[in-house]
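Here is how names work: the chains are called A, B, and so on, in the same order as the sequence lines, proteins then strands, and each is numbered from 1. Just so you know, these numbers use all the heavy atoms, side chains as well, and skip hydrogens, waters and symmetry mates.
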2 protein chains.
Amino acid sequence: MTYADFMQRPKRRDKAATRAALLDAARLRFARQGYDGTGVREIAGDVGVDPALVFRYFESKDRLYAEAVHTELPTGLASGRPLTDLAATLLHDVVFADWEEFDGEHPLLVMLRSSGRAAVRDRLRQEICEGYLKDFTERMGGDNPALRAELVGALLLGLGVMRSLAGTPALADAGFEETRELVTRVVAALSEEGPPAAG
Amino acid sequence: MTYADFMQRPKRRDKAATRAALLDAARLRFARQGYDGTGVREIAGDVGVDPALVFRYFESKDRLYAEAVHTELPTGLASGRPLTDLAATLLHDVVFADWEEFDGEHPLLVMLRSSGRAAVRDRLRQEICEGYLKDFTERMGGDNPALRAELVGALLLGLGVMRSLAGTPALADAGFEETRELVTRVVAALSEEGPPAAG
DNA sequence: AAATTAAGTCATCGGTCGATGACAAGAGAC
DNA sequence: GTCTCTTGTCATCGACCGATGACTTAATTT
């Protein structure tokens with residue numbers, strides 16, 4: 001049996017597997033190229049099936065995208081840990097973890113790349129605000145905790161962008177521990193009471 | 001003269017003005033919808049001219065985009081000011097300034113929205129690394145200044161994303177001064193020598 | 001006022017897009 | 001072995017895409 005024969009052998013028919021494969025391919029493509037830069041023919045081509053299957057299984061490209069980037073928001077965060085621990089966990093998950101199903105990036109950063117669409121922007125806003133900032137603010141004491149919590153969120157989000165998108169050299173070289181120490185220092189500085197005359 | 005007549009009066013022919021109007025419309029559209037989500041017919045329609053003019057004046061959609069998001073990198077940054085001043089300036093320009101020609105966002109954030117395209121990604125990387133991180137690193141003393149400089153950059157970039165894209169409430173309410181005080185505190189914390197046993 | 005140059009328009013090309021419905025073929029039931 | 005349900009394919013639709021070149025019309029020159 002030649003290689004060509006092997007490749008052209010009749011494929012086993014498996015709805016669930018095909019659907020999952022389409023979803024995987026969609027995640028990679030959407031992550032790399034964004035929503036508008038990705039075509040359903042491309043996704044189907046990656047899997048080796050007909051593009052019409054995308055609509056049979058997902059109804060529309062929009063719904064495919066929504067399902068592809070769907071991830072459950074972390075729930076274990078609200079477990080009474082101090083904010084420095086929380087930040088360290090998110091530093092790991094958002095910045096350093098290899099989300100291989102999303103081409104290496106955290107889903108939040110992936111959505112950033114398709115934020116030209118209002119639906120994506122709304123969802124991004126919601127996930128950031130309700131999924132993360134709420135927990136941050138609860139653990140942030142002192143004056144105007146919401147603003148200082150948002151600074152922590154901005155640092156983590158920004159680090160993700162810098163590392164995965166800009167590929168800045170120092171962050172690429174630095175290990176997790178080294179970065180975590182600095183992030184902890186920042187979070188500590190934001191948590192403590194401000195100096196009486198800072199200006 | 002009715003309104004319809006007014007609108008349909010023969011337009012004055014002015015190459016420079018038309019070109020500039022196309023560029024302005026392109027900036028708004030690209031900022032809002034990203035590169036792939038914007039068509040040349042849309043841009044020309046905003047100006048009220050024929051789409052063919054886009055290609056006559058800009059040669060291709062790619063070149064139009066490149067020219068639309070082109071901004072000179074800030075040069076006044078390298079003037080011996082301390083890093084806290086630098087950060088405050090960039091906080092103002094990147095996060096709080098209203099870049100009305102880009103629908104309110106800083107061009108770096110606009111490019112983020114089209115970062116599905118490799119050319120945009122490369123340019124974003126270059127502008128961040130050469131335009132900002134270099135100055136940051138020079139002014140950052142102590143051990144591993146490059147990494148700590150990137151943390152400052154990440155904070156500023158992240159703040160821009162949070163404010164303009166996620167529209168987080170505290171940042172929207174907070175004035176520039178209030179935020180500047182906190183950013184200054186973070187930069188100071190990153191600048192000073194770390195604690196001997198940080199873990 | 002005629003001629004020349006420049007600005008803007010029009011029709012159109014080849015290609016791709018998301019989406020649809022009719023159809024072919026493999027899998028399991030009997 | 002045949003029937004039936006499911007899985008996947010094919011052809012195609014209408015719309016839009018970026019891009020091109022011929023053409024019309026306004027402004028300028030002579």
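Rounded to whole Å, the distance from CG on B/Leu22 to P on C/dT9 is 10 Å. For the pair A/Tyr35 OH and C/dC17 C1', the computed distance is 11 Å after rounding to whole Å. As a whole-Å value, the separation of A/Asp36 CG from D/dG18 C1' is 15 Å. Separating the CD atom of B/Gln33 from the C1' atom of D/dC17 is a distance of 15 Å, rounded to the nearest angstrom. Regarding B/Tyr65, its OH atom lies at a distance of 15 Å from the P atom of D/dA19, rounded to whole Å. In this entry the distance linking CZ of A/Arg19 with P of D/dT7 reads 12 Å, nearest Å. Taking atom CD of A/Glu42 as the reference point, atom P of C/dC17 lies 7 Å away to the nearest angstrom. Rounded to a whole Å, the CG atom of B/Asp50 is 12 Å from the C1' atom of D/dC23.
How far OG1 of A/Thr179 is from CD of A/Glu177: 9.0 Å, rounded to the nearest 0.5 Å.
Of the two residues near DNA chain C, B/Leu53 and A/Phe55, the one whose nearest nucleotide lies more 5' is B/Leu53. Toward the 5′ end of DNA chain D lies the nearest nucleotide of B/Lys61, the other residue of the pair B/Arg56 and B/Lys61 mapping further downstream.
Ranking C/dG8, D/dG21, D/dG8 by closeness to the B/Thr18 side chain, first place goes to C/dG8. Distance from the side chain of B/Ala52 is smallest for D/dG21 among the nucleotides C/dA19, D/dG21, D/dG18. You'll find that the side chain of A/Arg13 is closest to D/dT7, out of C/dG8, C/dA19, D/dT7.
We find that B/Arg185 and B/Glu181 are joined by a salt bridge, their nearest charged nitrogen and carboxylate oxygen being less than 4.0 Å apart. A salt bridge links B/Arg123 with B/Glu127; the closest basic N to acidic carboxylate O contact falls under 4.0 Å.
Nucleic acid contact for A/Phe58: none, since no nucleic acid atom lies under 4.0 Å from a heavy atom of the residue.
A cation-pi arrangement is found for A/Lys61 relative to A/Tyr35, the charged atom lying closer than 6.0 Å to the ring centre and inside a 45° cone about the ring normal.
At a threshold of 4.5 Å between non-hydrogen side-chain atoms, the residues A/Phe55 and A/Val40 count as touching.
In this model, the phosphate group of D/dG8 is approached by a side-chain N or O of A/Tyr57 to a distance below 4.0 Å at OP1 or OP2.
Residue-to-nucleotide contacts include no donor-acceptor pair under 3.5 Å from the side chain of A/Arg41 to the base of C/dT16.
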